[in-house]
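Structure, as structure tokens:
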Amino acid sequence: MLHYKDIKNKDHNLDLTVKNILNTKDPPIFFSAQAMQKEVIHHRSTNVFYGVLTYTPKACEYCGVINDGSVLTKHTPKPSDIQLIPYQEVPSILRLFKQRFSCKACHHTFSAKTYYVAKNCYISQALKFAIAVDLKMKISMKDIARRYFVSYKTVERVLDTFYQEPTRRPNHLPKQLLIDEFKGRKDCEGAMCFIFSDAQTGKIIDILEDRRNFKLVAYFQRFPYKMRQRVQHVVMDMSASYSPMIHQVFPKAKILVDHFHVIQQISRAFNQQRIRSMNQLKKGDPQQMKDYRKLKKYWKQLQRKHKHLGYKQLKQFPLFRQKYVTESEVVDYLLTIDPVLQASYDVYQGLMGAFEKREAQQFFEIIDQLPQTLEEPFRKSLRFLTKYRKTITLPFTQPYSNGKLEGKNNLIKVIQRIAFGFHTFQHLRKRVLIQQGLLEVL
């Protein structure tokens, strides 16, 4: 370790080189011929840059007395280790000897200051900025801490100080809203969190830690009534809990059930019927066990639409004795196993076709006229859609979908999985907003 007497003389050539390496142009800082050393700190080889920070203050920091040359006296500089951005996976620090000053008027002492590091801080501004930039990436905060040889709490402080909440516009709401929910943190007030975005751009408007109606009503009532009247459509899933809230805060809005959830309800009902048909087969019968395995393995072919099945191309299917058959032949055989499955399949394909053609009347006619041969669980699942007849009919004529918002929910799950959890909901919320470009580095 070098002492002040070893580095107090400035080397002009090396001073310029080191300043370019450290990306600083602060004139009060200078470097000598002994500017760089290799040392072992905390059992790790470390690059240590030695520098001196000195200048003549204009006045005392405490009493404000103007320095005429006799008020402030210089003391021996005091070293301070400032952590830098690692170079080639090797920790780097700047051992900066800061000039100390003593005021004869108020008898206080203070150190020289530089923009390169904040007051009472031992982490350089450049390192903080590098951490803030990495927070935009899909990487855990612990991995960022390991990358820069800092603590997890340091990364949290950077997240809190370098990113501020976006400026809210209480007088602005889009005409079309997408709303949904996702699983948040245990410290959240509600069991699920609430997220909503603009249907046109897909841009997230806000994320709330509680989805309960009285919380949502209190939140949206901050917007002027005239602005809430502008909202024309609200796209959501088939959750009955949001309807009272929407009618209360958006008096002129029409509720639309997302296309995806309608298709999901139909597909899930048919898939459960396939499972029931499988379980009815006798385990003691070898032929029925073969049919059981076929129904279990080739479920995707049953879920596929008619027009997407292969009618000409021959393929080898392992459970069909390696014979070359088409996908349509596989489906035809599977439907012969159970007549109820055959009837359910016809209804399923009819509903999918009507939905694809946007034929709302035909879609609900199929549900209203379900054959009595169908099993009650399948009929009940489809009749559930009639509860939302009006909100399902509207999407047939509107182009809005929750697909953009579902993508955001998937991003939130990825961020949570990579991070292995967050200490607070606010940190999770900030990471999501940073990922979406809604928060910028100060």
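- Checking each of Val155, Leu159, Ile123 against Ile131 for a side-chain contact (heavy atoms from CB on, under 4.5 Å) leaves exactly one that passes, namely Val155.
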Quiz prompt | Lys430 vs Glu156, salt bridge (charged side-chain N to carboxylate O under 4.0 Å, His left out): CA-CA, chis, key distance, verdict | solution = CA-CA 11 Å; Lys430 276 193 173 183; Glu156 282 190 340; over 6 Å; no

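- Electrostatic pairing of Arg146 and Asp143 counts as a salt bridge here, judged by a charged N lying under 4.0 Å from a carboxylate O.
- Centroid-to-centroid, the aromatic rings of Tyr311 and His306 stay 6.0 Å apart or farther.
- For residues 355-364, the pairs satisfying salt bridge (charged side-chain N to carboxylate O under 4.0 Å, His left out) are Lys305-Glu356, Lys307-Glu356, with sequence neighbours left out.
- For Arg274 and Asn271, the side-chain atoms include at least one donor-acceptor pair closer than 3.5 Å.
- Between Phe320 and Pro318, every side-chain heavy-atom pair lies at or beyond the 4.5 Å cut-off.
- Taking 4.0 Å as the cut-off between side-chain N and carboxylate O, Lys19 and Asp15 count as a salt-bridged pair.
- Not one N or O on the side chain of Gln176 forms a donor-acceptor pair closer than 3.5 Å with the backbone of Val234.
- Side-chain contact annotation: Thr386 with Arg389, donor-acceptor N/O pair under 3.5 Å absent.
- With Tyr116 contributing its side chain and Leu22 its backbone, the two residues share a donor-acceptor pair below 3.5 Å.
- The shortest side-chain heavy-atom distance between Ile246 and Ile179 falls under the 4.5 Å cut-off.
- Proximity of Thr336 to Gln342: side-chain heavy atoms (C-beta onward) are nowhere separated by under 4.5 Å.
- For the side chain to side chain donor-acceptor pair (under 3.5 Å) condition, the pairs that include at least one residue of residues 37-46, sequence neighbours left out, are Gln34-Gln37, Lys38-Asn47, Glu39-Tyr50, Glu39-Arg95.
- Using a 4.5 Å cut-off on side-chain heavy atoms (C-beta onward), His259 and Phe355 make contact.
- The existence of a salt bridge linking Arg429 and Asp206 is confirmed by a sub-4.0 Å separation between a basic side-chain nitrogen and an acidic carboxylate oxygen.
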Output a table of donor-acceptor pairs, distance under 3.5 Å, between side-chain atoms of residues 404-411 and any protein atom two or more places apart or on a different chain; print 'none' if there are none.
{"unit_1": "Lys404", "atom_1": "NZ", "unit_2": "Ala199", "atom_2": "O", "d": "3.4"}
{"unit_1": "Lys404", "atom_1": "NZ", "unit_2": "Gln200", "atom_2": "O", "d": "2.8"}
{"unit_1": "Lys408", "atom_1": "NZ", "unit_2": "Gly202", "atom_2": "O", "d": "3.4"}
{"unit_1": "Asn409", "atom_1": "ND2", "unit_2": "Asp180", "atom_2": "OD2", "d": "2.9"}

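- Partners of Lys113 under the salt bridge (Lys or Arg N to Asp or Glu O under 4.0 Å) rule, at least two apart in sequence or in another chain, are Glu61.
- Tyr345 and Tyr348 have tilted rings, their planes meeting at an angle from 30° to 60° on a 0 to 90° scale.
- Checked by atom type, the side-chain pair Glu181/Tyr242 shows a donor-acceptor distance below 3.5 Å.
- Residues Phe364 and Phe396 keep their aromatic ring centres 6.0 Å or farther apart.
- Scored by the salt bridge (Lys or Arg N to Asp or Glu O under 4.0 Å) test, Asp338 finds no partners at all (sequence neighbours excluded).
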Distance-only check: which donor-acceptor pairs under 3.5 Å involve side-chain atoms of residues 325-335, not counting sequence neighbours?
{"unit_1": "Thr326", "atom_1": "OG1", "unit_2": "Ser328", "atom_2": "OG", "d": "3.0"}
{"unit_1": "Thr326", "atom_1": "OG1", "unit_2": "Glu329", "atom_2": "N", "d": "3.3"}
{"unit_1": "Glu327", "atom_1": "OE1", "unit_2": "Arg304", "atom_2": "NH1", "d": "3.1"}
{"unit_1": "Glu327", "atom_1": "OE1", "unit_2": "Gly310", "atom_2": "N", "d": "3.1"}
{"unit_1": "Glu327", "atom_1": "OE2", "unit_2": "Arg304", "atom_2": "NH1", "d": "2.7"}
{"unit_1": "Glu329", "atom_1": "OE1", "unit_2": "Thr326", "atom_2": "N", "d": "3.1"}
{"unit_1": "Tyr333", "atom_1": "OH", "unit_2": "Gln287", "atom_2": "NE2", "d": "3.4"}
{"unit_1": "Tyr333", "atom_1": "OH", "unit_2": "Asp291", "atom_2": "OD1", "d": "2.8"}

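- Aromatic ring centres of His427 and Phe422 lie farther apart than the 6.0 Å criterion allows.
- Contact annotation: the side chain of Met192 approaches that of Lys183 to within less than 4.5 Å [non-hydrogen atoms, C-beta and beyond].
- Side-chain contact check for Pro251 versus Gln229: some heavy-atom pair is nearer than 4.5 Å.
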